[in-house]
Amino acid sequence: MHRVNLNPISFNQQVFEHASFGIVLISPDGLVLTVNPAFERIFGYTQQEIDGTRFGDLSHPDEEIKTLHDIRELMGPANLEIQLEKRYIKKNGDVLWGWLSVKLFTDDSGNPLYYIAQIIDISKQKESEQKLQETVERYTSLKKYNHDAVISFGLDGRIINGNSMAEKLTGYTIETELIGMELANLIGQSNVDRILAKALYDSTIEQGIDTLVTKDGETVEVITSIAPIFVNRKNIGFYLICKDISEQKRLLLAKEAAESTNKAKSEFLAMMSHEIRTPMNGVIGMTDILLETTNLDDEQRSYLEVIRKSGDTLLNIINDILDLTKIEAGRVELQEETFDLRECIKECFSIVSPRADLKRLELSCTINHDVPDYVYGDVERLKQVLLNLLGNAVKFTPEGSVSVKASLSKEDPSVLAFTVSDTGIGIDPGRLAEIFEPFAQIDNFMTRKHEGTGLGLAISSKIVTMMGGKIYAESDGESGSSFTFTIPLKVMAKPQAQESRDDQTMRQGNILLAEDNPINQLVMTKMLEKWGHRVTPVLNGQEVIEAVRGGHYDLIFMDLHMPVLNGLEAARAIKEEHGENSPRIIAVTANALKGDREKCLAAGMDEYVSKPVQREAILQLLNRYLN
Ligand code: ADP
């Protein structure tokens with residue numbers, strides 16, 4: 001028990017005045033009697049301001065231990081000295097972390113005289129402690145929530161710790177099995193030896209570690225990295241970070257399988273469409289021929305026109321499916337040549353303008369002056385995209401206008417940008433991306449007012465991508481839509497003017513028609529005969545060779561797939577036998593696939609058309625080769 005002077009202020013006056021920590025003298029009922037100068041400095045209050053307040057008034061409101069009464073409870077009957085960390089509020093409102101110790105002084109008979117409280121300002125230490133804590137927490141959660149297994153191990157090759165992914169990956173529980181275990185159990189002794197010997201100097205050390213053995217003895221494929229752990233600049237061990245890639249591999253395999261299924265589907269569809277196209281050839285061709293006969297009454301003519309129109313629609317659908325599946329199967333190549341861009345746009349306009357006129361829509365076109373006249377590219381595919389966008393614009397616009405704008409892109413002048421805008425029904429902005437998917441149509445299938453397959457935009461988007469460009473749609477859902485696509489520009493000098501062709505001077509030709517399908521044969525024969533040519537039909541390549549030996553022919557239309565001897569073999573044989581004097585040979589094929597054209601030309605053929613043969617295409621060829 002201390003013996004103390006009854007006058008507290010004179011007690012240890014030196015210490016009281018010069019201490020670097022705050023000292024408070026408290027009466028047994030909790031009143032502040034006096035504070036020392038250090039206390040005034042630390043808290044920012046003067047002696048006068050403090051005198052007479054109650055001990056605990058400066059405590060932070062969140063603190064549980066505030067008043068002398070609280071402290072007394074802690075001291076208990078033995079009046080123990082109390083020491084604790086707690087927060088206070090300074091005069092300027094700042095929080096102060098203090099180390100408080102309170103001691104009771106009594107007289108000889110044990111009655112309380114006063115309490116002395118010492119408060120040391122530990123705010124600085126607390127701040128750095130908190131920073132450290134935050135770093136530790138951040139770093140711990142980095143480990144804890146990592147999708148990779150993180151295992152630390154010491155220079156003795158024993159595991160120090162692991163995160164929950166490590167537990168999941170290895171099958172060992174962290175606390176009871178993993179900690180203290182030899183890392184060699186997981187990755188093999190030689191790998192552990194290698195890491196311990198070289199990891200600090202060799203950053204490729206982790207390359208050899210691509211499997212990990214689990215508790216069940218299973219081998220898991222992983223990608224690993226090794227990182228050294230430094231404490232006070234001393235390497236005390238390493239982190240082994242492992243990513244389980246077996247799941248990724250499984251996904252990759254599944255993706256490959258799905259892709260090949262998709263490809264098989266595309267091939268099947270391409271083949272099916274081909275099988276449908278051949279009989280369609282007969283339906284449309286024969287209807288055309290019938291329509292050209294004169295002695296039809298009005299009723300018969302109107303029936304025939306219905307057949308013709310339905311045939312056309314059906315063929316369009318089949319062509320779209322075939323086109324899309326061929327592009328998807330990677331079996332389409334761009335046919336690039338130099339062409340007149342303004343002419344190309346004009347042709348598209350002339351095709352859609354009758355439909356626009358019927359709806360009294362205003363059609364307009366702006367081509368910026370900086371757009372070159374001649375560009376290099378696949379003109380037919382460009383037309384296909386433009387026609388599709390223009391066709392949609394006209395189809396989905398009840399009144400108003402449709403316009404096309406061509407210009408060089410503002411961001412990149414080596415890119416051509418086309419925009420087709422309309423004042424039509426617009427597209428729900430939330431569904432703008434969806435319409436480029438195959439078979440996407442905004443209005444319900446059962447209630448739709450507009451014709452179409454929902455394939456046009458899917459095909460257009462595939463073509464634009466093939467050409468190296470982008471396509472996108474914009475609409476606010478009410479006042480029309482606009483579609484923009486870009487293609488990289490390939491500028492060309494103007495080509496030599498081609499010889500002008502004159503339909504009137506076409507002479508009568510002697511034509512050999514090699515085609516084994518009787519319907520196709522009948523359609524072509526009737527069409528050619530109508531234009532006044534002599535036609536000799538044959539059924540296979542061998543018969544072609546014999547016919548050419550026996551007579552003079554100007555032109556051969558040769559199917560590629562024929563029995564006995566196919567078209568390519570027959571063409572080769574004829575060119576070999578007759579050289580310069582061979583008739584011109586035009587390949588006719590139902591399934592225009594990538595590389596077919598090259599194969600035909602290599603076999604000595606002059607041109608290549610695809611089925612179902614179009615009247616116009618055949619007329620053009622006759623004009624070219626019979627003049
Ligand atoms: P289709 O026109 O044959 O239905 P598309 O692939 O060309 O197929 O278009 C898909 C859908 O996108 C259309 O059915 C229509 O709902 C919407 N669409 C396309 N162009 C326009 C447009 N200019 N205005 C409004 N809707 C459009």
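Heavy atoms only: backbone and side chains are in, while hydrogens, waters and symmetry mates are out. Just so it is clear, the model here is predicted, and its values are computed rather than measured. When a ligand or atom number is given, it counts from 1 through the structure's own listing order.
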Evaluate whether atom [atom1] of [X] has more than 12 neighbouring non-hydrogen atoms of other residues, nucleotides or ligands under 6.0 angstrom away.
X    : atom1 : result
K575 : NZ    : yes
D370 : CG    : yes
K530 : NZ    : yes

Below 4.0 angstrom from a heavy atom of [X], which ligand 1 atoms are there? Numbered from 1 as shown, please.
X    : value
D422 : 22 (C), 23 (N), 24 (N)
L455 : 6 (O), 8 (O)
A393 : 23 (N)
K395 : 1 (P), 2 (O), 3 (O)
G426 : 25 (C)
S481 : 22 (C), 23 (N), 24 (N), 25 (C)
I435 : 12 (O)

**Study point:** Within reach of ligand 1, part of I427 (heavy-atom separation under 4.0 Å)
**Key:** side chain

Check your understanding: Sequence neighbours excluded, which residues qualify as side-chain hydrogen bond (donor to acceptor under 3.5 Å, both in side chains) partners of D428?
Key -> none

Practice item. Look up atom CH2 in W531 and atom CD1 in I618, then write down how far apart they are to the nearest 0.5 Å. Key: 7.0 Å

**Study point:** Atom pair CE/CD1 of M286 and I519 - distance to nearest 0.5 Å
**Key:** 9.0 Å

Does an N or O from [X], backbone or side chain, lie closer than 3.5 Å to an N or O of ligand 1?
X    : value
G456 : yes
G454 : yes
I425 : no

Practice item. Report the member of L432, L457, V402 with the shortest heavy-atom distance to atom 6 (O) of ligand 1. Key: L457

Exercise for review: Report the member of T423, N392, I317, V394 with the shortest heavy-atom distance to atom 7 (O) of ligand 1.
Suggested key: N392

Check your understanding: Are E259 and K255 ion-paired here, with the side-chain N under 4.0 Å from a carboxylate O?
Key -> yes

Exercise for review: Please confirm whether G424 comes under 4.0 Å of ligand 1, counting heavy atoms of the residue only.
Suggested key: no

**Study point:** F483 touching ligand 1 at heavy-atom level, < 4.0 angstrom
**Key:** yes

Exercise for review: Apply the side chain to side chain contact (heavy atoms under 4.5 Å, CB included) test between F485 and each candidate in T465, I471, T419, L416; give the one that qualifies.
Suggested key: I471

Exercise for review: Quickly, which of M466, K470, M467 forms a side chain to side chain contact (heavy atoms under 4.5 Å, CB included) with I487? Name it, please.
Suggested key: M467

Show me the donor-acceptor pairs, under 3.5 Å and distance only, between side chains in residues 378-391 and residues at least two apart or in other chains.
unit_1	atom_1	unit_2	atom_2	d
D378	OD1	E380	N	3.2
D378	OD1	R381	N	3.2
D378	OD2	Q335	N	2.7
R381	NH1	D323	OD1	3.2
R381	NH1	D323	OD2	3.0
R381	NH1	Q384	OE1	2.8
R381	NH2	D323	OD1	3.3
K383	NZ	E347	OE1	2.5
Q384	NE2	D323	OD2	2.7
N388	OD1	S460	OG	3.1

